[in-house]
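A short worksheet on the structure shown next.
Proteins come first, then strands; the chains are lettered A, B, ... in the order of their sequence lines, and each starts at number 1.
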Protein chains: 2
Amino acid sequence: MKSVLLEKSKKHLRAQGGRMTAQRRLIVETLSSLDTHPTAEEVYRIAREKDSTLHLSTVYRTLRWLEQEGLIASRLFDDERRQERFDATDHNEHYHFMCNSCKKVIEFDTLLVNTIKAQFELHSGAQVESGSVVLYGTCADCRKQIFAAEQPD
Amino acid sequence: MKSVLLEKSKKHLRAQGGRMTAQRRLIVETLSSLDTHPTAEEVYRIAREKDSTLHLSTVYRTLRWLEQEGLIASRLFDDERRQERFDATDHNEHYHFMCNSCKKVIEFDTLLVNTIKAQFELHSGAQVESGSVVLYGTCADCRKQIFAAEQPD
DNA sequence: ATTTGTGCAAACACTTTGCATTGTA
DNA sequence: TACAATGCAAAGTGTTTGCACAAAT
């Protein structure tokens, strides 16, 4: 159960005279044990099962630090205006689908975004540095459930 | 200075027994006079020049109503976590570029998003209902300025 | 005359911050 | 031992809501 994120965090901490505390370890391990895109609250709730003295502000501070270090990313989805989700994925640019019904986030990749960027640059004279794509809809699982619920017997 | 949005608003109000108040008219006119994607605060600030008794909560209520009616859309951009921007554009799905330096929002269109959607659907079994694309970078104007600043004389 | 909409102030939800204390290096 | 990090509580920020009053139909 060794985590790439944990190792990277240690390295970054060492490089800047930071300290690897029990809380940071717990938060990082919790985050990398989840393959979802959890909110700070979700990380907090799960981590607290192992250390009930952990405080939400520590979770925020740690997530924010990880973000600044470029080790995780934070994202907002349209239907959750207030609440950020944290993305521990270590591969670089990728895109997201969010299920309107179960709120699951699925990552995907496509080369077409590069084409979109190039087209826009050509058109506008702008220089594009990054891009975000979020698709919304109903995931396969939820479609199945909905279908099952619609069938009489 | 007649506004399509105002006409539509009137129609929707009529259809549901709502009332066209001075405030609603002012907010709608302010919004459609701007070709930017203003925040609620920006709408409020500008509208208040014409009616200093207008209250921010009324602006929110009106914007929210317009959104529910499908007459405007609200969006969040990555670098403005908390604050929504409102988009009075009346053509349907379109995409955005935001300049990292002047925060200007430029709309654009592309057919490639449909391909991305179709690819993802095929792949995942999900059904995609909508999609958002936001590119970030430096707009043509800002690039020019930066270039000029870099030249010696 | 109704009954919707507004101003206002207070509540909300998520996130951040200040400070005394704890714990790592 | 020094000083970074935590717990806690309080503040902050953008947005929403309840209610008494005002105004549109």
Side-chain angles (χ1 to χ4, degrees), chain A residues 6 9-30 37-45 47-48 50-69 72-86 103, chain B residues 6 9-28 30-31 37-45 47-48 50-69 72-86 103:
Chain A
L6 185 59
S9 303
K10 281 185 191 163
K11 197 158 73 177
H12 282 240
L13 283 171
R14 224 174 295 128
Q16 65 192 58
R19 292 165 192 187
M20 178 48 77
T21 62
Q23 290 91 330
R24 293 227 249 242
R25 173 173 289 107
L26 175 58
I27 291 163
V28 167
E29 277 174 349
T30 301
H37 291 59
T39 63
E41 277 281 343
E42 281 163 5
V43 173
Y44 172 64
R45 230 181 34 238
R48 260 171 82 91
K50 295 210 174 131
D51 171 4
S52 64
T53 71
L54 181 68
H55 202 277
L56 180 58
S57 66
T58 304
V59 174
Y60 272 109
R61 270 190 286 235
T62 300
L63 293 174
R64 216 49 93 194
W65 175 77
L66 290 165
E67 187 187 7
Q68 270 172 224
E69 297 300 311
I72 67 173
S74 94
R75 328 197 101 85
L76 283 170
F77 294 93
D78 280 349
D79 50 338
E80 302 177 308
R81 210 160 10 66
R82 294 168 146 70
Q83 208 160 14
E84 298 174 61
R85 290 186 171 272
F86 294 88
K103 305 301 172 195
Chain B
L6 185 59
S9 304
K10 281 186 191 163
K11 198 160 70 178
H12 282 240
L13 282 172
R14 225 174 294 127
Q16 64 191 57
R19 292 162 191 190
M20 178 48 78
T21 62
Q23 291 91 331
R24 293 227 249 242
R25 173 174 288 105
L26 175 57
I27 292 163
V28 167
T30 302
L31 187 58
H37 290 61
T39 63
E41 276 281 342
E42 281 163 5
V43 173
Y44 172 64
R45 230 180 35 237
R48 259 172 82 92
K50 294 208 176 133
D51 170 4
S52 64
T53 71
L54 181 68
H55 202 277
L56 180 57
S57 66
T58 304
V59 173
Y60 273 109
R61 270 191 285 236
T62 301
L63 292 175
R64 217 48 96 193
W65 174 78
L66 290 165
E67 186 187 7
Q68 271 172 223
E69 297 299 311
I72 68 173
S74 93
R75 328 197 99 86
L76 285 170
F77 294 92
D78 279 349
D79 50 339
E80 302 177 307
R81 262 212 291 287
R82 292 162 148 58
Q83 207 161 14
E84 298 175 61
R85 290 187 172 272
F86 295 87
K103 305 300 173 195

Take a 6.0 Å sphere around NZ of B:K11 and say whether it holds more than 12 heavy atoms from other residues, nucleotides or ligands. no
Using whole Å, report how far CZ of A:R45 lies from P of C:dC14. 12 Å
Map A:G18 and A:E84 onto DNA chain C by nearest heavy atom, then report which one ends up closer to the 5' terminus. A:E84
Determine whether any donor atom in the side chain of A:R82 lies under 3.5 Å from an acceptor atom in the base of D:dG12, or the reverse, and answer yes or no. no
pair B:V28-B:R25: side-chain heavy atoms closer than 4.5 Å: no
Hey, is the side chain of B:T58 poking within less than 4.0 Å of OP1 or OP2 on C:dT6, counting only N and O atoms? no
In whole Å, what is the span from the NZ atom of B:K10 to the P atom of D:dT25? 10 Å
Which pair of non-hydrogen atoms, one from A:L56 and one from A:Y44, has the smallest distance, and what is that distance? N-CE1, 3.3 Å
What is the separation between atom CG on A:L54 and atom P on D:dC8, rounded to the nearest whole Å? 10 Å
Contact under 4.0 Å: B:Q23 side-chain N or O vs C:dG7 OP1/OP2: yes
Go through the side-chain N and O atoms of A:Q23 and A:T58 and say whether any donor and acceptor fall under 3.5 Å apart. no
Min side-chain heavy-atom separation B:L31-B:L66 under 4.5 Å: yes
Taking CZ from B:R61 and C1' from C:dG5, how many angstroms apart are they, rounded to a whole number? 7 Å
Which nucleotide in C:dT17, C:dT3, D:dG14 has an atom nearest any side-chain atom of A:S57: C:dT17
A:R24 CZ to D:dT6 C1', in whole Å, measures 10 Å
Output the rounded distance in Å from NE2 (A:H55) to P (C:dT21). 17 Å
For B:T53, report the nucleic acid contact type (base, sugar-phosphate, nothing); a contact means any heavy atom under 4.0 Å. sugar-phosphate
Separation of C:dG5 atom P from B:L13 atom CG, nearest Å, is 7 Å
A:T21 vs D:dA4: side-chain N/O to OP1/OP2 distance below 4.0 Å: no
Which residue lies toward the 5' end of DNA chain D, A:T62 or B:A22, if each is placed at its nearest nucleotide? A:T62
Base C:dT16 paired with A:R64 side chain (donor-acceptor, <3.5 Å): no
How close or far is atom P of C:dC14 from atom OH of A:Y44, stated in whole angstroms? 14 Å
